[in-house]
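Here's the structure, in structure tokens; my notes come after.
Chain identifiers are assigned alphabetically (A, B, ...) following the order of the sequence lines, protein sequences preceding nucleic acid strands; residue numbering begins at 1 within each chain.
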2 protein chains.
Amino acid sequence: MLFTKACEYGIRSVLFVAKQSLEGKRSTLKEIASEIEAPQPFVAKIMQQLVRGNVVVSVKGISGGFYIEPSQIKEITLTNIVFAIDKNFDSKLCAMGLKECSEVRPCPIHHTYKAIKKDIISMMDKSNLIEMAESLKNGTCFLSNLPKQPINNLQ
Amino acid sequence: MLFTKACEYGIRSVLFVAKQSLEGKRSTLKEIASEIEAPQPFVAKIMQQLVRGNVVVSVKGISGGFYIEPSQIKEITLTNIVFAIDKNFDSKLCAMGLKECSEVRPCPIHHTYKAIKKDIISMMDKSNLIEMAESLKNGTCFLSNLPKQPINNLQ
DNA sequence: CCTAAACAGGATAAAATTATCCTGTTTAGT
DNA sequence: ACTAAACAGGATAATTTTATCCTGTTTAGG
């Protein structure tokens with residue numbers, strides 16, 4: 001598992017908020033949790049971290065909710081989201097858990113894993129919110145599972 | 001974190017046992033735990049899983065211990081080790097935790113992550129024990145941290 | 001055949017992660 | 001002002017992962 005569950009929920013939450021923000025809508029906790037099919041109190045905790053990490057903005061009170069300034073959406077990457085939630089996410093760590101794994105004292109898979117880590121970080125840095133949120137709007141990608149009872153729009 | 005702590009300990013344990021097996025030596029739990037700097041009772045549990053998964057062989061009784069048949073060492077890969085310990089290790093899972101993420105219904109990072117997963121599996125399949133154990137013997141890679149009090153062999 | 005060294009495995013404990021609860025504060029609308 | 005909707009944050013609970021404990025079985029060697 002690359003990301004913790006908290007990160008997974010966080011990424012999905014931010015993507016939903018970004019998509020809604022593109023349409024000028026704020027999202028409430030209830031809407032986010034329902035959309036991403038995650039427990040609302042846990043999502044609340046994660047959103048707090050994202051607010052503190054300046055990934056999303058929260059507005060209290062009636063008609064409040066979470067949003068991202070549309071001009072900011074293109075600046076945010078997966079890296080920003082993940083680090084806001086999981087301070088310990090550090091792809092620099094050794095795959096085998098060695099504290100002193102390094103170029104001069106490599107673990108047996110150091111060199112292979114190094115290439116993979118580079119790919120992961122590159123993927124995370126390149127994954128910017130605007131592209132993902134727009135794909136969600138286009139319907140070329142998805143955030144949630146198919147509904148259990150398919151809705152027949154033709155009836 | 002790509003692997004769980006149990007997998008990390010497991011990989012290091014197997015590598016040590018493989019190296020010792022190349023020299024015709026069995027390894028006891030005490031030796032393994034000490035070498036890889038991990039808690040002995042936890043390593044014991046992990047070794048049990050590796051025995052059940054046919055990655056290593058155990059011999060009970062005095063002068064017993066763990067070993068790998070030298071002819072087998074070249075057949076074992078990281079994949080074998082990891083799956084023996086972590087039944088849930090499944091790189092097919094979605095990076096964002098979606099149950100229904102697929103080619104026809106991809107999550108926003110499905111395609112990028114797919115390439116990374118392929119690399120990870122490829123790395124794991126290519127990492128075979130014999131090469132790693134021999135590198136350990138050669139001293140071109142390492143399993144443990146540097147000793148805290150450097151031993152001065154010249155005195 | 002007795003002993004000590006070594007693995008096996010069930011039960012339990014500790015720590016980390018995930019999830020929930022409750023009370024407080026903010027704020028739009030009346 | 002009052003109310004209801006919404007986020008904030010501390011405290012607690014449940015679950016999973018990590019770690020330990022204890023008793024049993026095996027076996028080489030005296």
Side-chain angles (χ1 to χ4, degrees), chain A residues 1-14 16-17 20 25-68 82 84-89 96-97, chain B residues 1-14 16-17 20 25-68 82 84-89 96-97:
Chain A
M1 212 198 310
L2 184 56
F3 301 126
T4 62
K5 215 160 191 180
C7 281
E8 290 179 355
Y9 290 159
I11 296 168
R12 290 198 263 156
S13 297
V14 171
F16 176 66
V17 172
Q20 297 299 91
K25 295 179 196 154
R26 285 181 191 156
S27 312
T28 66
L29 266 180
K30 203 178 161 186
E31 289 165 343
I32 300 169
S34 153
E35 169 71 17
I36 72 167
E37 292 170 316
Q40 185 176 323
F42 193 31
V43 174
K45 289 299 175 201
I46 296 165
M47 292 310 293
Q48 283 172 25
Q49 294 181 278
L50 289 164
V51 169
R52 286 194 288 262
N54 298 310
V55 175
V56 301
V57 176
S58 72
V59 176
K60 282 187 179 179
I62 254 178
S63 87
F66 299 90
Y67 74 96
I68 307 174
V82 168
I85 296 166
D86 183 359
K87 261 72 185 170
N88 285 33
F89 183 89
M96 299 179 43
Chain B
M1 215 196 311
L2 185 55
F3 301 125
T4 62
K5 216 159 191 180
C7 282
E8 289 180 355
Y9 290 159
I11 296 167
R12 290 199 262 157
S13 297
V14 171
F16 175 66
V17 172
Q20 298 299 90
K25 295 179 196 156
R26 285 182 192 155
S27 313
T28 66
L29 265 181
K30 203 178 160 186
E31 289 165 344
I32 299 169
S34 152
E35 168 71 16
I36 73 167
E37 294 170 314
Q40 184 175 321
F42 193 31
V43 173
K45 289 298 174 201
I46 296 164
M47 293 310 293
Q48 283 173 26
Q49 294 181 277
L50 289 164
V51 169
R52 287 194 287 263
N54 298 309
V55 175
V56 300
V57 177
S58 72
V59 178
K60 282 186 180 181
I62 255 180
S63 86
F66 299 90
Y67 73 97
I68 306 173
V82 168
I85 296 165
D86 183 359
K87 260 73 183 167
N88 285 32
F89 183 88
M96 298 178 44

Whole-Å gap separating [atom2] ([N]) and [atom1] ([X]):
X       : N      : atom1 : atom2 : result
B:Glu8  : D:dT17 : CD    : P     : 15 Å
A:Ile32 : D:dA8  : CD1   : P     : 10 Å
A:Lys30 : D:dA4  : NZ    : P     : 16 Å
A:Asp86 : C:dT18 : CG    : C1'   : 13 Å
B:Lys87 : D:dT16 : NZ    : P     : 18 Å
B:Tyr67 : C:dC7  : OH    : P     : 13 Å
B:Leu29 : D:dC21 : CG    : P     : 15 Å
A:Met1  : C:dT18 : CE    : P     : 8 Å

Open item on the list: Quick check against the 3.5 Å criterion: does B:Arg26 have a side-chain atom that pairs as donor or acceptor with the backbone of B:Val59?
Closed with: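 No, because the side chain of B:Arg26 does not come within donor-acceptor range (under 3.5 Å) of the backbone of B:Val59.
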Task: Side chain B:Gln20, main chain B:Lys25, donor-acceptor under 3.5 Å - done: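 Not confirmed, B:Gln20 side chain does not pair with B:Lys25 backbone.
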Let me confirm one number: the [atom1]-[atom2] distance from [X] to [Y], rounded to the nearest 0.5 Å.
X       : Y       : atom1 : atom2 : result
B:Arg12 : B:Cys7  : CZ    : SG    : 12.0 Å
A:Ile32 : A:Glu35 : CD1   : CD    : 10.0 Å
A:Phe3  : B:Met1  : CZ    : CE    : 13.0 Å
A:Ile36 : A:Ile46 : CD1   : CD1   : 7.0 Å

Open item on the list: Given C:dT18, D:dA19, D:dA5, identify the nucleotide with an atom nearest to the side chain of B:Lys5.
Closed with: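 Nearest listed nucleotide: D:dA19.
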Task: Residues in contact with DNA chain C, drawn from residues 35-45 of chain A - heavy-atom cutoff 4.0 Å - done: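 Nucleic-acid contacts, sorted: A:Pro39, A:Pro41, A:Phe42, A:Lys45.
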Open item on the list: Expected output is a numbered-order residue list: members of residues 49-60 of chain A with a heavy atom under 4.0 Å from any atom of DNA chain C. What is it?
Closed with: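 A:Lys60, in order of number.
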- [ ] Write down the atom of B:Ala33, the atom of B:Pro39, and the distance for their closest heavy-atom approach.
- [x]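 Distance-wise, the nearest heavy atoms are CB-C, 4.5 Å.
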Open item on the list: So B:Phe66 and B:Leu29, do their side chains get closer than 4.5 Å, heavy atoms only?
Closed with: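 They are in contact (side-chain heavy atoms under 4.5 Å apart), so the answer is yes.
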Task: Opposite nucleotide pairing with C:dT23, Watson-Crick or G-U, both atom distances under 3.5 Å - done: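 Matched C:dT23 with D:dA8 under the 3.5 Å cut-off.
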- [ ] Test side chain to side chain contact (heavy atoms under 4.5 Å, CB included) on A:Val14 and A:Ile68 and set out the steps.
- [x] CA-CA 9 Å; A:Val14 171; A:Ile68 307 174; 4.0 Å; yes
Open item on the list: Nearest heavy atom decides the nucleotide; on that basis, is A:Gly61 or A:Ala6 closer to the 5' end of DNA chain C?
Closed with: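 So the residue in question is A:Ala6.
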Task: B:Tyr9 side-chain N/O to D:dA19 phosphate OP1/OP2 under 4.0 Å - done: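 Checking D:dA19 against B:Tyr9, a side-chain N or O does come within under 4.0 Å of OP1 or OP2.
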